[in-house]
Student: 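Dropping a structure here in structure tokens format, bear with me for questions.
The residues of the chain are indexed from 1 along the displayed sequence. Atom set for the values below is all heavy atoms of this structure, side chains included, hydrogens, waters and symmetry mates excluded. One-based numbering, in listed order, for ligands and for the atoms of each.
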Amino acid sequence: MSRPRVAIVGAGLAGSLLAGYLARRGYPVTLYERRPDPRGGQSERGRSINLALSERGLDALRRVGLDGSVLAAALPMRGRMVHAVAGEPDFQPYSLDGERAINSISRGALNNALLDAATALPGVSAVFGHQLVGLDPKTAVMTFATAGGQVEIEADVVLGADGAGSAVRGQLRAHGLTGEDIEFLDYGYKELTIPARPDGGFALDPHALHIWPRGSSMMIALPNPDHSFTCTLFWPLTGPGSFESLATDAEIRGHFAVHYPDVPDLAPDLLADYRANPVGKLGTVRTAPWQAYGRVGLIGDAAHAIVPFYGQGANCAFEDVVELDRCLRECGDEWPAALARYESRRSENADAIAEMALDNFVEMRDRVASPVYLAGRRAEQFLQRLLPQVYQSRYELVSFSTTPYAQVQRQVRRQHQVLAGVAAAVGAAVLVGVSGALRRRR
Ligand code: FAD
């Protein structure tokens with residue numbers, strides 16, 4: 001019996017990887033992408049240029065033999081370099097052994113590698129300049145806007161991998177088949193560049209993710225293979241120190257001089273970048289259900305976009321791909337059963353990482369520079385050394401394991417209770433000791 005024809009809408013990170021996985025299962029797959037072929041060299045200004053890939057994403061790539069080539073072009077970042085307003089930057093390793101790293105990679109190069117790998121497989125084709133504008137979820141007939149006008153195309157299965165603003169999700173909603181909740185942050189993001197030094201070297205340590213935590217806002221910077229850094233400002237949209245409030249060149253320069261004094265010397269084109277690059281929105285998308293009629297499904301950001309503060313959106317999207325493939329195998333390639341199982345397994349994990357990513361914003365922009373946070377980190381590392389099988393930090397569980405996110409969240413809550421118990425016991429012991437000493441002195 002011939003396999004159903006699968007249409008994947010969106011040839012971004014999730015769609016391109018998914019096409020390869022499904023082709024390996026023997027499905028004829030067509031990717032429909034609204035943009036021109038990215039391998040032609042065009043890229044969207046202001047979209048994040050690089051991203052951090054960690055164990056979950058690497059695991060998905062490893063299963064199809066793509067991890068080696070992707071890692072070959074990656075820059076490992078073994079910790080955070082925290083830049084205070086004054087003083088030397090402070091390096092905080094991500095793992096207890098200081099060795100484990102997240103990897104800075106070019107979004108464009110990764111997308112191209114995934115597209116190349118997918119389209120090299122028999123049965124996969126990719127069509128560009130096709131923007132989905134209509135879908136009948138019952139019949140899987142799709143309508144695309146193209147340069148030559150609208151076209152209708154039929155498939156057996158339609159998978160929406162078309163990102164946070166998913167048109168497939170929009171069509172499911174328009175047909176009353178799904179509900180969505182979009183929670184925007186009062187923050188936006190803007191990218192800037194720290195170029196390579198005149199002698200060609202990196203202007204900052206390339207083995208760290210750099211953070212300038214400033215309480216209610218922050219900037220981060222990730223290294224690129226051309227020895228530049230891509231910086232991202234995460235600032236409030238309105239109010240003091242916001243994108244809205246800084247209007248004139250003098251105000252922008254003045255804000256950097258006061259809050260990010262080391263940056264203007266590192267980024268000579270700061271003002272031009274600031275003026276030219278757009279402010280992107282940040283938000284969490286929650287959807288339910290993720291599938292309809294056993295033939296339409298959502299994957300990646302289309303199902304569950306999250307804020308970027310754990311560097312997990314793409315990693316999570318790649319885990320979705322692995323899980324959908326696993327469900328198809330377990331369900332004998334019966335799509336209705338596989339899509340339902342995939343959603344039931346992934347939705348609690350998507351909710352968990354959405355919550356942890358929001359939490360991490362507060363940690364990155366505020367806590368990482370505080371003495372209380374650093375003392376807590378030291379206590380946590382002590383327990384990790386003492387009980388390595390029992391106690392692991394949330395960062396390590398999220399970034400260096402494939403333990404399901406919801407399980408990580410539960411484990412970390414239990415660990416924090418233990419830590420609070422230990423702190424209370426230590427506190428009580430100290431109090432007993434102090435009061436004993438006081439009694440003896442009286
Ligand atoms: P996308 O990458 O958005 O791809 C969707 C594709 O669908 C695009 O090619 C788009 O053109 C196409 N499309 C859209 N609409 C249509 C349509 N109607 N018809 C046809 N095609 C369409 N994640 C990490 O893991 N690590 C990080 O460090 C990280 N950093 C980030 C930093 C920032 C500032 C942001 C905003 C996000 C970051 N992310 C990170 C998240 C990551 O970018 C996303 O989770 C990931 O791109 C999701 O992949 P996707 O394929 O689901 O969606």
Side-chain angles (χ1 to χ4, degrees), residues 7-19 30-38 42-44 46-58 60 74 77 102-108 110-112 114-115 126-135 142-146 153 158-171 185 187-191 209 219-222 230-234 277-285 298-321 350 353-354 357 360-361 398-399:
I8 299 177
V9 181
L13 299 178
S16 305
L17 182 67
L18 179 62
T30 308
L31 282 157
Y32 296 96
E33 169 57 49
R34 72 174 171 193
R35 294 175 299 166
D37 190 336
Q42 289 134 310
S43 70
E44 280 177 82
R47 276 210 96 200
S48 73
I49 288 166
N50 51 23
L51 49 80
L53 197 65
S54 49
E55 179 53 26
R56 293 164 200 272
L58 289 172
M77 301 177 288
I102 57 174
N103 301 283
S104 178
I105 50 162
S106 148
R107 175 190 285 275
L110 176 63
N111 207 150
N112 292 351
L114 295 175
L115 261 176
V127 184
F128 296 92
H130 276 55
Q131 177 175 7
L132 185 117
V133 291
L135 167 69
M142 299 163 287
T143 308
F144 290 96
T146 72
I153 299 173
V158 176
L159 297 170
D162 49 346
S166 171
V168 174
R169 189 180 73 234
Q171 290 296 311
L185 282 190
Y187 286 77
Y189 72 93
K190 186 191 274 286
E191 296 200 332
L209 187 154
M219 181 172 104
I220 64 168
L222 273 71
T230 302
C231 310
T232 312
L233 300 171
F234 293 102
N277 289 344
V279 176
K281 287 185 188 165
L282 296 166
T284 304
V285 176
L298 300 172
I299 197 156
D301 276 14
H304 50 69
I306 60 176
V307 293
F309 306 112
Y310 233 120
Q312 285 294 311
N315 287 284
C316 179
F318 285 1
E319 269 195 334
D320 284 355
V321 171
I353 189 58
N360 217 40
F361 185 28
V398 168
S399 301

Student: Would you call the rings of Phe309 and Phe234 parallel, tilted or perpendicular if under 30° counts as parallel and over 60° as perpendicular?
Tutor: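 The arrangement is perpendicular - the two ring planes meet at more than 60°.
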Student: Using a strict cut-off of 4.0 Å, indicate which atoms of ligand 1 neighbour a heavy atom of Ala161.
Tutor: 5 (C), 6 (C), 7 (O)
Student: Does only the side chain of Tyr32 get under 4.0 Å from ligand 1, or the backbone, or both, or neither? Count heavy atoms.
Tutor: backbone
Student: What are the atoms of ligand 1, with element, lying closer than 4.0 Å to any heavy atom of Gly313?
Tutor: 23 (N), 24 (C), 25 (O), 41 (C), 45 (O)
Student: May I ask you to decide if Ser104's main-chain N or O and Asn50's side chain share a donor-acceptor pair within less than 3.5 Å?
Tutor: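 No, the answer is negative, given that no donor and acceptor are paired below the 3.5 Å cut-off.
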Student: Kindly confirm or rule out an N or O of Asn315 lying under 3.5 angstrom from an N or O of ligand 1.
Tutor: yes
Student: Taking only heavy atoms of Tyr189 into account, list the atoms of ligand 1 that are under 4.0 Å away from them.
Tutor: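 Every atom of ligand 1 under 4.0 Å from some heavy atom of Tyr189: 34 (C), 36 (C).
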Student: Atoms of ligand 1 less than 4.0 Å from His130 heavy atoms?
Tutor: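 Per the distance check, 19 (N), 20 (C).
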Student: For atom 31 (C) of ligand 1, which candidate among Pro38, Pro308, Gly188 provides the closest heavy atom?
Tutor: Pro308
Student: Gly12 heavy atoms, cut-off 4.0 Å: which ligand 1 atoms fall inside?
Tutor: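 Taking each heavy atom of Gly12 in turn, ligand 1 has 4 (O), 6 (C), 9 (O), 51 (O) under 4.0 Å.
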Student: In Å and rounded to the nearest 0.5 Å, what is the OG1 to CG distance from Thr232 to Leu222?
Tutor: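 So the gap between those two atoms works out to 7.0 Å.
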Student: Can you confirm, on distance only, whether ligand 1 has an N/O atom lying under 3.5 Å from any N/O atom belonging to Ile299?
Tutor: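 No, since none of the N or O atoms of Ile299 sits under 3.5 Å from an N or O of ligand 1.
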Student: Rounded to the nearest 0.5 Å, how far does CG of Asp37 lie from CZ of Phe128?
Tutor: 3.5 Å
Student: Hey, what do you get for CG (Leu159) to CG (Leu18), rounding to the nearest 0.5 Å?
Tutor: 5.5 Å
Student: Is the shortest N/O to N/O distance between Gln131 and ligand 1 below 3.5 Å?
Tutor: no
Student: So do Gln312 and Ser399 actually touch side chain to side chain, heavy atoms under 4.5 Å?
Tutor: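 Ser399 reaches Gln312 side chain to side chain.
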Student: I'd like to know if Thr232 contacts ligand 1, where contact means a heavy-atom distance under 4.0 Å to any ligand atom.
Tutor: no
Student: Ala167 heavy atoms, cut-off 4.0 Å: which ligand 1 atoms fall inside?
Tutor: 18 (N)
Student: Between Arg35 and ligand 1, find which residue part has any heavy-atom pair under 4.0 Å and reply side chain, backbone, both or neither.
Tutor: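 Under 4.0 Å from ligand 1, Arg35 contributes side-chain atoms alone.
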Student: Using distance alone, determine whether Ala317 and ligand 1 share an N or O pair under 3.5 Å.
Tutor: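 Between Ala317 and ligand 1, no N or O pair is found under 3.5 Å apart.
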Student: Against ligand 1, does Glu191 come closer than 4.0 Å with any heavy atom?
Tutor: no
Student: Using a 3.5 Å distance criterion without hydrogens, assess whether the side chain of Ser16 forms a donor-acceptor pair with backbone atoms of Ala11.
Tutor: yes
Student: For Val9 and ligand 1, does the shortest N/O to N/O distance drop below 3.5 Å?
Tutor: no
Student: With side chain to side chain contact (heavy atoms under 4.5 Å, CB included) as the criterion, how do Glu55 and Asn315 come out once you've worked through the C-alpha distance, each side chain's angles and the decisive distance to 0.1 Å?
Tutor: CA-CA 8 Å; Glu55 179 53 26; Asn315 287 284; over 6 Å; no
Student: So is Leu13 polar-close to ligand 1, meaning N/O to N/O under 3.5 Å?
Tutor: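 Yes: some nitrogen or oxygen of Leu13 is under 3.5 Å from one in ligand 1.
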Student: Any heavy-atom pair between the side chains of Leu282 and Phe361 that's under 4.5 Å?
Tutor: no
Student: Rounded to the nearest 0.5 Å, how far apart are CD of Gln131 and CD of Glu33?
Tutor: 9.5 Å
Student: Would a 4.5 Å heavy-atom cut-off, applied to side chains only, mark Leu58 and Asn103 as touching?
Tutor: yes
Student: Between Arg34 and Ala145 (side chain of the first, backbone of the second, donor and acceptor by atom type, cut-off under 3.5 Å), is there such a pair?
Tutor: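 No, Arg34 side chain to Ala145 backbone: no donor-acceptor pair under 3.5 Å.
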Student: Show which atoms of ligand 1 fall inside a sub-4.0 Å distance from at least one heavy-atom site of Gly300.
Tutor: 52 (O)
Student: I need the atoms of ligand 1 closer than 4.0 Å to a non-hydrogen atom of Ala52, numbered in the order shown.
Tutor: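 So the answer, numbered in order with elements, is 24 (C), 25 (O), 26 (N), 27 (C), 28 (O).
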